[in-house]
Amino acid sequence: MFNDVTVTQQTSSVETTLLGTDTTPVAGPSTVDELTYDEVAQKMIVSIDAFWTQQLPDVYGKQYETLAQGVFPLKPGDEAPGCDAPSTMFEDVAGNAFYCPAGDFIAYDDAELFPGLYTKFGPFVIGVVLAHEWGHAIQVRGGVSDSVAAVTLENQADCFSGAWTRWIADGNAAGLTINGADLDGALGGLLFFRDEPGVTSADEQAHGSGFDRVRVFQEGFEQRPSHCAGYETDPPQPLDLQFRDDIEFATGGNAPYGDLVTFVTEGLDNFWAGVFSASGKTFTPLSVAAHLRLFDPDAEEVSCGAQTLPAATLKDSAFYCAPDDYVGFDEPGTLQRPYDRIGDYAAAIELASGWSEAAQDRASSTLAGKERERQRDCLSGAFTGAVYIGDVNDSSGKPVALSPGDLDEAISEFIASGRSQPGASFERVSSFRNGFLGGIKACDFAV
């Protein structure tokens, strides 16, 4: 995670306060963690049913009717009602979960899929998946048109799931509370179900990239189910990124590590030069040796101003040193490792955070702590949005471009770097998303 450094390094703390159109603290204990696996599933089912009993009249002007045949967790040998067939067997749902309009029921793989999600992402993700499938039942009850694109229906179901999550966070479910760690786990689950890089919204089976799915989930969380209902006539625009050639496809869109650092830092310099130039000011490039230091804390000393920084605090760290005007990165821990484990844009987003912090200092920002961190994430999103629309070039004038999966890699890095601070990942992704979609203006940044 990127840390602030003035003369001595400071590890910033992040409070679990969510950003968005409507902010609400999500802190304290989670009753979900106190439940067994089976109890979690049952609590989620009861709460989703209660949520739509309350919300459907306001959202669609209709009284809610519960699922006619209920919810079926299936293991090998189990059987559920038919869905355009005499019956539904475990093999029909293995590795999946679905809503059947013909039978008005939900079935899911209770042998591997849900237990695996529970173990990997925490108990709350079970509810997120069930709330998504329930969203399809709500589309039937709300009379959503059959002509709506498949990916929009999936986006809307994710949005409904986010709205239900907010309802839980606001304390509306009897005996059920969640916290920041639960929200971070929800993001991890959404990424797990993302489309493969290169799949476009035109695909009839498309559900959306990880970025798209997280985006609409957070929109539902921030703006409630009535906003989600509006997708029928005003759908979110999917970010369709396709591989440009066979070479990019073969590499998964990952540039060689050495090339990545060069063209991303040059692109960052050009992006920030444009931002400062618009206000009649100059942004000194940071990609040159005097302003960019890649170090290995196990092998060398690092100084900032008159002080030598303790090696222990530099592990897995990145920082901006104001006295010497440079950004520094533990290269093995903060750049190379995310690159190897996640992909090239996981490292790129750490670089973007460094440039954002430098820009804040050069613009004499008075923000501190959490507010400064969240603006930095927003600014990194604004840079990424500029890359997406083709407004960022390297030093040769060649456009810096996003590859399919890059945005998902950024979110994955936010989740990975925020694990020690429950709720931070959800906040960081929200701020990054705001900057990506709204540009510099969305970040309340002034030069």
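The first residue in the sequence is number 1, and the count goes up from there. Given the structure is predicted, the values throughout are model-derived calculations rather than measurements.
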Can you tell me if [atom1] on [X] sees more than 12 non-hydrogen neighbours from other groups inside 6.0 Å?
X      : atom1 : result
Lys75  : NZ    : yes
Glu39  : CD    : yes
Gln54  : CD    : yes
Gln205 : CD    : no

Checking the side chain of [X] only, and the main-chain atoms of [Y] only, is there a donor and an acceptor separated by less than 3.5 Å?
X      : Y      : answer
Asn434 : Ala442 : no
Gln375 : Asp444 : yes
Arg194 : Ser209 : no
Ser279 : Lys281 : no
Lys43  : Val32  : no
Gln69  : Phe105 : no
Arg213 : Asp158 : no
Asp170 : Asn172 : no
Arg215 : Asp212 : no

To check you understand the geometry: which heavy-atom pair defines the closest contact between [X] and [Y], and what is its length?
X      : Y      : value
Gly333 : Pro338 : O-CD, 3.5 Å
Ala137 : Leu67  : CB-CD2, 3.7 Å
Pro399 : Asn393 : CA-OD1, 3.2 Å
Asp109 : Val93  : CB-O, 3.5 Å
Glu232 : Ser145 : OE2-N, 3.0 Å
Phe192 : Leu117 : CD2-CD2, 3.7 Å

Scan side-chain atoms only and decide if [X] and [Y] contain a donor-acceptor pair under the 3.5 Å cut-off.
X      : Y      : result
Glu350 : Ser417 : no
Tyr99  : Asp104 : yes
Asp340 : Gln336 : yes
His136 : Glu154 : yes
His207 : Asp195 : no
Glu79  : Ser87  : yes

What is the ring orientation for [X] with [Y], classed by angle as parallel under 30°, tilted 30 to 60°, or perpendicular over 60°?
X      : Y      : result
Tyr257 : Tyr339 : perpendicular
Phe445 : Phe276 : tilted
Tyr118 : Tyr37  : perpendicular

What distance separates [X] [atom1] from [Y] [atom2], expressed to the nearest 0.5 Å?
X      : Y      : atom1 : atom2 : answer
Leu351 : Leu260 : CG    : CG    : 6.5 Å
Leu153 : Gln139 : CG    : CD    : 4.5 Å
Trp134 : Ser47  : CH2   : OG    : 8.5 Å

Hey, which of [options] is the one that makes side-chain contact (heavy atoms from CB on, under 4.5 Å) with [X]?
X      : options                : answer
Arg376 : Ser356, Cys443, Ser431 : Ser356
Tyr345 : Asn254, Asp408, Thr384 : Thr384
Phe426 : Val214, Asp182, Leu187 : Leu187

Is the shortest side-chain heavy-atom distance between [X] and [Y] below 4.5 Å?
X      : Y      : result
Ile415 : Asp184 : no
Phe211 : Asp406 : no
Leu268 : Leu286 : no
Phe383 : Val387 : yes

Test salt bridge (charged side-chain N to carboxylate O under 4.0 Å, His left out) applied to Arg374 and Asp377, step by step: CA-CA 5 Å; Arg374 294 296 77 81; Asp377 293 329; 2.9 Å; yes

From CA spacing to verdict: salt bridge (charged side-chain N to carboxylate O under 4.0 Å, His left out), Glu373, Arg428: CA-CA 8 Å; Glu373 292 179 349; Arg428 297 193 70 189; over 6 Å; no

Mark yes or no: Arg362 above the aromatic ring of Phe283, with NZ or CZ under 6.0 Å from the six-membered ring centre and no more than 45 degrees from the axis. yes

Using ring centroids (six-membered ring only for Trp), state whether Phe160 and Trp167 fall under 6.0 Å. no

Carboxylate-amine/guanidinium proximity below 4.0 Å for Asp58 and Arg224: no

